[in-house]
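In what follows, a structure is listed as C-alpha cells, so that the remarks can point back to it.
The chains referred to below are lettered A, B, ... by the order of the sequence lines, with proteins before strands, and numbering in each begins at 1.
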2 protein chains.
Amino acid sequence: MGIIRKTKSVKTLLNEFNKNSSAISVTELITRLNSKFNKTTIYRVLDKLEDDGVLHSFLGKNGLKWYAKCNGCTADNHSDVHPHFQCLDCGKVDCLSINITLPKIPNRKIDLAQFLIQGQCDECLT
Amino acid sequence: MGIIRKTKSVKTLLNEFNKNSSAISVTELITRLNSKFNKTTIYRVLDKLEDDGVLHSFLGKNGLKWYAKCNGCTADNHSDVHPHFQCLDCGKVDCLSINITLPKIPNRKIDLAQFLIQGQCDECLT
DNA sequence: AATATAATGCAACATAGTTGCAATAAAAAA
DNA sequence: TTTTTTATTGCAACTATGTTGCATTATATT
C-alpha cells in the first residue's frame with residue numbers, strides 16, 4: 001500500500017513528528033489529535049507511513065506501539081536497526097544512534113531485532 | 001508479594017514450564033488451562049512466580065507477554081539479561097544463552113533491557 | 001478442629017487495536 | 001471547470017489482552 005494522497009491527516013501526523021525528534025506512542029497521538037481525527041484514521045495513516053519508509057515502529061513499555069522518524073530508510077529497505085531508550089519515570093522514548101551488532105545464532109535466520117533499553121533519562125536523573 | 005502457598009494452580013503452571021524449555025505466552029497458557037483455572041488466576045500466579053525469581057517475563061511479537069524459567073535468579077536479583085528469539089513462522093520463542101553487552105549511554109541510568117530477535121527457527125528453515 | 005488469611009472465580013471493566021461499510025474528499029480525466 | 005474515479009475517512013461494532021473488587025474457597029497455622 002503506502003501513502004497515495006496528501007490528506008489533512010497525513011500532513012498533521014508528519015507535522016507532529018517534525019516538531020521534535022522523540023518517538024511518539026500511538027495512544028499519545030490519539031489523545032493529541034482526537035478532536036480532529038478518528039483513531040482508526042491515525043492507525044491507518046501511521047501504518048502507511050511506515051510502509052513508505054517515513055516512520056518506523058517498535059514496541060515500548062507494556063507492549064505499546066511507538067513511532068519515530070526513519071533515517072535513511074526507503075519503502076523497500078528498513079535499514080534502521082538501533083536501540084530505543086525509554087525512561088521509566090517520564091515515559092519518554094528516544095532512538096539511540098548506536099549500531100548494534102547482532103549475535104551470531106547457529107541454524108537460525110535473523111530478519112529483524114528489537115532492542116529496548118529502560119531506565120532513567122538525563123532530565124529525570126537530576 | 002510472591003508465592004506463599006503451594007496451590008494446585010502453582011503446581012500446574014510450574015509443570016507446564018518443566019515440560020520443555022521453550023518460553024510460553026500467557027495466552028497459550030490460558031488456552032491450555034482454561035478448563036481448570038480462571039485467567040485471572042493464571043495472570044496472578046505468573047506474576048508471583050516472577051516476583052520469586054522462578055520465571056522471567058518479556059514481550060514477544062505484537063507486545064504479547066511471554067514467560068520462561070529463570071536461570072540463577074533470586075527474588076531480589078533478576079540477573080537474567082539475555083536475548084529472546086521468536087520464529088515468525090511458527091511463533092515459538094526461545095531464550096538465547098548469549099551474554100549481551102549493553103551500550104554505553106551518556107547521562108542515562110540503565111535499569112533493564114529487552115532484546116527480541118525475530119526470524120526463522122531451525123525447524124522452520126528446513 | 002478452629003482460626004486466620006492467602007488464593008480463587010466471577011463479573012465487570014479498561015485499553016489497544018481491528019474490521020466492514022457507507023460517506024467524503026483528493027486527484028485524474030473529460 | 002466539471003465530472004468521474006477511487007483513496008481516505010468516520011463510525012459503530014467488535015476482538016483481544018489484561019486488570020480490579022469482592023464474595024467464596026482452600027491452605028497453613030494455632
Please verify the inter-ring angle class for A/His84 with A/Phe58; under 30° counts as parallel, over 60° as perpendicular, anything in between as tilted.
parallel
What is the distance, to the nearest angstrom, from the NZ atom on B/Lys61 to the C1' atom on D/dA16?
15 Å
Could you check how far CZ of B/Phe37 sits from P of D/dT24, rounded to whole Å?
22 Å
Give one of base, sugar-phosphate or nothing for B/Leu64, where a contact means two heavy atoms less than 4.0 Å apart.
sugar-phosphate
5'-most contact on DNA chain D (nearest-nucleotide basis), B/Tyr43 vs A/Thr40, goes to A/Thr40
Atom pair distance, as rounded to whole Å: NZ in A/Lys65 and C1' in D/dA16
15 Å
In this structure, how many angstroms lie between the P atom of C/dA14 and the NZ atom of B/Lys39, rounded?
14 Å
Can you hop from B/Leu46 to B/Trp66 via hydrophobic side chains spaced under 4.5 Å?
no
Between P of D/dA7 and CG of A/Asn38, the distance in whole Å:
20 Å
Tell me: NZ of A/Lys36 to P of D/dG10, nearest whole Å?
12 Å
Nearest whole Å is fine: how far is C/dT18 P from A/Asp47 CG?
7 Å
Kindly give the atom pairs (protein nitrogen or oxygen, nucleotide nitrogen or oxygen) under 3.5 Å for nucleotides 25-30 of chain D.
from	atom 1	to	atom 2	distance (Å)
D/dT27	O2	B/Arg5	NH1	2.6
D/dT27	O2	B/Arg5	NH2	3.2
D/dA28	OP1	B/Lys6	N	3.3

Between the base of D/dG10 and the side chain of A/Arg44, is there a donor-acceptor distance below 3.5 Å?
yes
